[in-house]
Amino acid sequence: MSELDIQRDQRLAKIDSLREKGINPYPNDFRPSIGIPEVLDRYKDFADEKGSSERLSVAGRLVAKRGHGKTCFAHLLGDGARLQIYSSRDRLGDEEYALFNGLDIGDIIGVEGPIFRTRTGELTIMVERFFLLAKSLRPLPEKWHGLKDIETRYRQRYLDLFTNPESRQVFLLRSRIIKQIREFFNLMGFIEVETPMMQAIPGGAAARPFKTYHNALDQEFYLRIAPELYLKRLIVGGLDRVYELNRNFRNEGLSVDHNPEFTMLEFYMAYADYKELMRLTERLFCELAEKIKGVFTWEYQGNRIDFTPPWKCLTIHQAILENSGVKEKDLDDMDMLRKRLSEEGVPLTGKEGHGKLLLKIFESLIEPKLIQPTFIIDFPKEVSPLARSKDTQPDIVERFELYVAGKEIANAFSELNDPVDQRKRFIEQVEDSEEMEGVVKRVDEDYIQALEYGLPPTAGEGIGIDRLVMIFADCPSIREVILFPQLREISNP
RNA sequence: GGGCCGUUAGCUCAAUGGUAGAGCAAGUGACUCUUAAUCACUAGGUUGUAGGUUCGAGUCCUACACGGCUCACCA
């Protein structure tokens with residue numbers, strides 16, 4: 001019998017013995033009068049060693065216990081804060097005090113009593129009554145080192161959350177960021193919408209989708225890779241400012257920057273163009289920085305990132321010339337670009353057009369070097385099938401991507417609203433695209449039809465929320481900002 | 001999918017190819033202001049799995065599983 005089984009059996013035996021005494025080990029009739037962080041705040045200047053006149057009732061997880069014979073100190077963890085409690089045989093009497101000593105670290109309990117400050121200065125509740133609220137059967141991770149094993153932290157996130165305060169902080173930060181983003185867009189008159197996660201034609205991006213099946217409809221669906229085409233249908237429908245903050249699914253490799261399901265903010269604004277979205281994006285990030293961090297600049301993984309506007313803005317050509325050693329005359333020379341890419345070890349199919357080659361050069365040579373917030377503009381039309389062309393340069397589109405810390409954080413453009421042009425580009429896309437395993441490539445005629453009714457001139461943007469949170473929380477991996485990152489299922493042979 | 005690294009008690013970690021160990025957690029006892037409480041004693045292991053080499057394997061070799069990093073894939 002393993003150590004774990006022994007401890008579980010001991011605690012199961014305790015449950016039996018409690019039940020014999022008529023004590024329910026899992027009651028739900030205790031109501032705390034105050035949360036633990038509030039106790040610490042309200043009584044932070046309280047200095048009485050004798051105790052308060054008012055009695056508090058608080059609840060939390062027992063995380064430390066120090067018995068001294070006829071007295072016992074312990075700590076309760078609630079809402080991420082720790083509060084000391086003190087029980088003594090004098091106060092509780094023999095029977096109750098024995099029950100208190102029978103509590104295990106990990107148990108959820110409620111206590112009632114006055115508050116006082118110990119000789120060593122710690123705010124403490126004098127336990128007059130206590131209640132077991134949920135018996136814990138398993139030993140907790142080590143009290144000093146916490147839970148270190150990365151795999152266990154992801155698989156049993158609940159343990160990570162209550163043992164490692166830094167981890168808890170990351171997810172509180174994530175929640176505040178998302179709340180602030182919603183507030184930002186709500187105040188600007190955007191409405192939040194929800195569009196299908198299950199799509200017959202996965203559009204709005206070029207990624208491999210997950211496939212699923214609906215029994216009653218007898219039809220295959222794809223989990224969405226982007227909400228884009230549905231959101232623009234809503235703009236056609238007269239919802240002039242919409243945003244959706246929700247999950248996308250892409251059936252691709254996993255990495256520190258990629259999780260198969262990830263959270264994306266997409267928003268669309270009628271009667272605006274990509275230049276306006278650049279200004280809006282700066283404002284959004286500055287507001288987030290100010291409200292969440294209180295500063296515009298902080299360290300991310302050893303690099304100081306400065307969000308003070310205006311941010312750097314480079315055309316994709318400028319970025320390549322500035323950072324790669326590629327000569328200006330070579331930018332239009334497809335053979336030279338190919339040569340350089342093979343030198344970099346980038347695999348090519350041979351079918352890439354000029355725009356695709358440029359983009360690959362940019363992604364392999366430039367992207368990792370863009371540490372400070374940088375807008376990249378003037379993307380080739382060839383790699384932007386949903387973006388509006390520039391009136392002056394039809395091969396270039398009105399589009400920007402935002403890079404921070406070498407990561408793509410946002411992608412935006414003035415939307416293509418010419419249905420004839422859009423159909424042409426969809427057809428080219430279908431013809432040119434490599435056959436992806438199990439994915440039926442076809443033109444989204446329903447979307448074209450919507451465009452034919454008239455899409456107002458519109459600008460739209462997608463922001464990767466997980467990556468944004470990584471930068472705000474200084475996390476090296478996307479798994480640190482996703483509560484339950486995708487891991488392989490443990491197989492039991 | 002490739003390469004490198006890792007996997008030892010519930011947790012955090014040790015252990016030249018030679019008897020698997022510590023701290024925390026657990027159990028028993030002592031202790032009425034402790035706080036990584038202290039002190040004494042006790043129990044807890046198929047060293048990720050399966051093979052192999054060896055007189056002898058946690059340690060060396062092979063395969064597999066899971067994870068981390070990285071490369072590839074990736075609008």
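Chain naming here is simple, since letters A, B, ... match the order of the sequence lines and numbering starts at 1 in each.
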> At under 4.0 Å between heavy atoms, what does A/Gln84 touch on the DNA or RNA strands: base, sugar-phosphate, or nothing?
Replying inline: base
> Checking all strands, does A/Arg82 fall into the base, sugar-phosphate, or nothing category for heavy-atom contacts under 4.0 angstrom?
Replying inline: nothing
>> If I pick the C1' atom on B/A14 and the same atom on B/G58, what distance separates them, to the nearest angstrom?
In response: 12 Å
>> Under 4.0 Å, heavy atoms only, any strand: does A/Asp90 hit a base, just the sugar-phosphate, or nothing?
In response: base
> So what does A/Lys14 hit on the nucleic acid, given a heavy-atom distance under 4.0 Å: a base, only sugar-phosphate, or nothing?
Replying inline: sugar-phosphate
>> Is the phosphate of B/G67 approached by A/Arg153 (side-chain N or O, under 4.0 Å from OP1 or OP2)?
In response: no
> At under 4.0 Å between heavy atoms, what does A/Phe379 touch on the DNA or RNA strands: base, sugar-phosphate, or nothing?
Replying inline: nothing
> Which nucleotide, B/G68, B/G10, B/A36, lies nearest any side-chain atom of A/Ile150?
Replying inline: B/G68
> Side-chain N or O of A/Arg488 less than 4.0 angstrom from OP1 or OP2 on B/C66?
Replying inline: yes
> How about A/Phe379 and A/Tyr274: are their ring centroids closer than 6.0 Å?
Replying inline: no
>> Just to be sure I understand the rule, does A/Arg91 reach a base, reach only the sugar-phosphate, or reach nothing, if contact means heavy atoms closer than 4.0 Å?
In response: nothing
> With distance as the sole criterion, do the side chain of A/Thr118 and the base of B/U34 form a donor-acceptor contact below 3.5 Å?
Replying inline: yes
> With sugar-phosphate meaning primed atoms plus P, OP1 and OP2, does A/Phe116 contact a base, only sugar-phosphate, or nothing at under 4.0 Å between heavy atoms?
Replying inline: base
>> Within the 4.0 Å heavy-atom criterion, would you say A/Gly67 contacts the bases, only the backbone, or no part of the nucleic acid?
In response: base
> Has A/Arg61 got its NZ or CZ under 6.0 Å from the middle of the six-membered ring of A/Phe162, at an angle within 45 degrees of the ring axis?
Replying inline: yes
> OP1 or OP2 of B/U32 less than 4.0 angstrom from a side-chain nitrogen or oxygen of A/Arg66, does that happen here?
Replying inline: no
> Which part of the nucleic acid, if any, lies within reach of A/Leu487 when heavy atoms closer than 4.0 Å are counted: base, sugar-phosphate only, or nothing?
Replying inline: sugar-phosphate
> Has the side chain of A/Glu151 got a donor or acceptor atom sitting under 3.5 Å from an opposite partner on the base of B/U7?
Replying inline: no
>> Can you see if the side chain of A/Arg8 gets near the phosphate of B/A26 - specifically, an N or O under 4.0 Å from OP1 or OP2?
In response: no
